[in-house]
Amino acid sequence: MFYSRSPHTAATAHPLPFDSFLYLLRLVVQLIFAGSLLIAAGRSTDTRAQTTAAPATEQVQAATMRRYNIPAGPLSAALTQFSTEAGIFLVGANDLAQGKNSPGVQGSFSIQGALDILLTGTGLEAKRNAQGQYVLQLATSEVGTLPLMTVSTSADNLKQGTAEEGYRVSNVSGVGLWDERSLRDTPYSISVVPSDLIENINAQNMGQIFKMNPLTQEPIIQNFTGVPFVVIRGFESANPIHDGIPMASDGSAVSVIEIDRVEILSGTSGFLYGGGRVGGAVNYVTKNSTDVPLRRLTFGNYGGTQFYGHADVSGKFDERGRFGYRANLLYQGGDTAIGEPVNQKVANIVLDGHITDTLYADVKYTYNDYRKEATQPFFYMSERTSIDTSKRYSPKWASNDVESHKAYTSLRWDPSRHFTLRSAFSYQHRNMRVNQISLNQQMDRTFTQTLGNTADEAHENYGGYIYLDTRFSTFDIDHKLTLGYSSNLYKYFVSSDCCIRQSGMSNLSLNELKNIPEPEWGSSVGNQPKLPVWDDRYDNVLIGDDITFNDQWSAMVGLNYATTANKARGIFGDSHYEKSALTPTVSLLYKPIKEVTTYVSYMEALEKGTIVGNTYANYGKIFPPLVSKQYEVGAKYDINPNLLLSTALFRIEKANQYSVNCPGF
């Protein structure tokens, strides 16, 4: 195999059967089937209830009182809990509620009265229409102050994270097993990049975003997949997270048109997502349908002659707003500013909806076909300052072709105010072919070359989680207890005749590199069938408790029984690895005033150990997993709705391994 991935260790694991994944998939299918039976059983009753309620007068509604105990927090979560308890479906809640916070509601109120309290300070209101439905909309006073152009087809103007709000985002979609929550009340250093910022800087890839973000250093963009290798707190975070599902490898190319927001966690994420990611984690949150019809067509230029066209279409299928769609299409072609021909076609399709008032599901699919020529070489050198990155140093035959398919599905079921079931699953498949040049600097600052041709290879990523939230109180202490399981698997397929390496011309200067002729590769590459040669797997069994003592004090505690496994065969030899460890987390939060949250957090992260190679006396020994520790003290201050200040002090204790060569080896 010939690219940035190397046969980096002989450390690997036990064959990974698909039993755990098949079990999870069967479980979700059974849950959906059971939900369908419940829907069918209750459909006639629900229909009669809605028909009877439609002509009800406001006086009758006001007389129907119910007691609510919904805590302050993210508005979308509060409205979901309220809809479940009140037995209503709230039209328009998906986009309008996102990023806003609710003061909650406690006490006995009518439906309208409780909604009025829940929406206090949000700039939103809920009204009942002639069909008896409750519709969430901008408050009358808010609508009256909007400029005329704002009341247009763009749903993005109705949500947080806009340029007018300083790209400020108030909530995170979720962190590991913890559900959506206020950014200020999350005891980790997190930065959220909203879709408006991605669009307004005309970002071609996420590398441009990470350059601007205060928590990340300028990343290396993986030439072959388009996934950036982000550096956070001095450690590289190569394995991304998609919609809360961690990938066991770098995954498929990330296209900016499929991304709604990017949530960057700075700090150890081991308890949250399993092994690795010592410095932090990056969660790519993909787009959903919009409540307001969206019809957007954009043409632009990424630099050089890279012109592109992007279509974004979204809306609802039905008048009640239960079922929605979204489609993003991109075509890009031309040369970069330094003369690298690029051609890319992306299609992203989303279908989502409320199957019932308490059951939400979505299905998402992304296809990406990417080709780039004159891919920049790998430089192995002692003086990086001698390289001018604004120039191209590769011939056009040094290229890579990537074709990927990604599919996601998620489900959320709120059968009562005491329980929530959340699950998500993903599958990614990537085919690649690469011609690459590696350059080694000599003492006279000229370069020798290694030329590589890697035949078609396949990469597969599977991921999923299932979490059950339960809410209860012990005396005056409120709990949100979460039990869950997550798993992710990476498989690499390649043929035994996958790769050819040749030595190029000797001692070329930088200016001569792009004239390197393409070797005669012959016909002996990639004729054998592709076989699995490398597997990585991470399994996590989790329990966490989000505890609220009072308005000022709260805590988040949890345990993750994490397993890391690897298996290598074929061109990587024959080795197995599987080890487990218990990784805890604990956070204590204190709010001296409503606008300020201070916290102290501790978390551990699991990393794969090593199978000792044959050049050492203890050849074959399997080391236990490495456990890293992180301590963090921080504070977050909501100065105003458009400005959140945060600061943190942290300490990372990362476990390492060392080797001593033995005589005779």
Side-chain angles (χ1 to χ4, degrees), residues 169 171-178 181 183-184 186-194 197 206-222 227-251 254 259 261-285 463 486 488 538 540 542 556 558 560 562 564 583-587 599-608 626-636 644 646-656:
V169 175
N171 296 338
V172 290
S173 65
V175 191
L177 85 166
W178 310 120
R181 59 188 298 116
L183 178 60
R184 186 189 64 203
T186 301
Y188 318 119
S189 297
I190 296 181
S191 175
V192 181
V193 182
L197 179 58
M206 285 308 305
Q208 296 168 258
I209 296 296
F210 292 123
K211 290 179 183 178
M212 301 169 54
N213 191 276
L215 300 183
T216 55
Q217 298 178 24
E218 181 176 346
I220 300 172
I221 300 297
Q222 228 282 7
V227 177
F229 285 5
V230 186
V231 177
I232 307 174
R233 290 188 174 175
F235 298 98
E236 186 176 87
S237 180
N239 301 345
I241 299 160
H242 292 269
D243 287 332
I245 305 172
M247 298 290 102
S249 182
D250 52 23
V254 177
I259 301 301
R261 55 160 63 185
V262 181
E263 299 174 344
I264 303 169
L265 168 65
S266 179
T268 297
S269 63
F271 162 78
L272 301 168
Y273 298 112
R277 305 179 186 87
V278 174
V282 178
N283 181 27
Y284 297 95
V285 182
S486 69
N488 49 92
Y538 295 96
N540 306 285
L542 305 105
M556 297 165 65
N560 180 358
T564 175
T583 57
T585 187
V586 59
S587 299
Y599 64 89
V600 178
S601 291
Y602 170 78
M603 190 180 293
E604 295 184 359
L606 181 71
E607 292 181 86
K608 187 166 49 189
L626 309 176
V627 177
S628 302
K629 301 177 181 179
Q630 177 153 316
Y631 309 83
E632 184 170 313
V633 179
K636 301 180 182 182
L644 172 69
S646 61
T647 184
L649 296 174
F650 66 90
R651 173 184 173 87
I652 298 176
E653 298 177 357
K654 183 183 183 302
N656 289 304

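For this chain, numbers begin at 1 and follow the sequence in order. This one's a predicted model, so the numbers in the text were calculated from it and none came from an experiment.
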K654, NZ atom: more than 12 neighbouring heavy atoms under 6.0 Å: yes
Residue pair Y273 / V175, side-chain heavy-atom distance below 4.5 Å: yes
L644 side, atom CG; L183 side, atom CG - distance, nearest 0.5 Å: 5.5 Å
Validation row: V169, E263 side chains within 4.5 angstrom (heavy atoms): no
Shortest non-hydrogen contact from G174 toward N283: O-ND2, 4.4 Å
Distance in Å, N488 CG paired with S249 OG, rounded so as to fall on 0.5 Å steps: 10.5 Å
Side-chain touch M556/Y599, heavy atoms, less than 4.5 angstrom: no
Donor-acceptor under 3.5 Å (K636 side chain, T186 main chain): yes
Side-chain donor or acceptor of N560 paired with backbone N/O of T583 under 3.5 Å: no
Heavy-atom side-chain proximity of V172 to R181 below 4.5 angstrom: yes
Steps toward side-chain contact (heavy atoms from CB on, under 4.5 Å) verdict (V285, I259): CA-CA 6 Å; V285 182; I259 301 301; over 6 Å; no
From CG (N171) to CZ (R184), nearest 0.5 Å: 10.0 Å
Any side-chain heavy-atom pair of L606 and Y538 under 4.5 Å: no
Distance, nearest 0.5 Å, that separates OG of S269 from CD1 of I232: 8.5 Å
Euclidean distance, F210 CZ relative to S191 OG, rounded to 0.5 Å: 10.0 Å
N/O donor-acceptor pair under 3.5 Å between S266 side chain and I190 backbone: no
V600: partners by side-chain contact (heavy atoms from CB on, under 4.5 Å), with sequence neighbours left out: V633
Shortest non-hydrogen separation from R261 to S173 and the atoms involved: NH1-N, 3.7 Å
With sequence neighbours excluded, residues passing salt bridge (charged side-chain N to carboxylate O under 4.0 Å, His left out) with E604: none
V262 vs I209 side-chain heavy atoms within contact, under 4.5 Å: no
side-chain contact (heavy atoms from CB on, under 4.5 Å) partners of N239, counting only residues at least two apart: R277
pair I652-F235: side-chain heavy atoms closer than 4.5 Å: yes
Side-chain donor or acceptor of S601 paired with backbone N/O of E632 under 3.5 Å: no
Parallel, tilted or perpendicular: ring planes of F271 versus W178, cut at 30 and 60 degrees: tilted
Test side-chain contact (heavy atoms from CB on, under 4.5 Å) applied to M212 and L197, step by step: CA-CA 10 Å; M212 301 169 54; L197 179 58; 4.1 Å; yes
Closest non-hydrogen atom pair, S189 against R233: OG-NH2, 3.3 Å
Spacing of OG1 belonging to T216 relative to NZ belonging to K211, to within rounding of 0.5 Å: 11.0 Å
Pairwise side-chain contact, N540 with S486, heavy-atom cut-off 4.5 Å (strictly under): yes
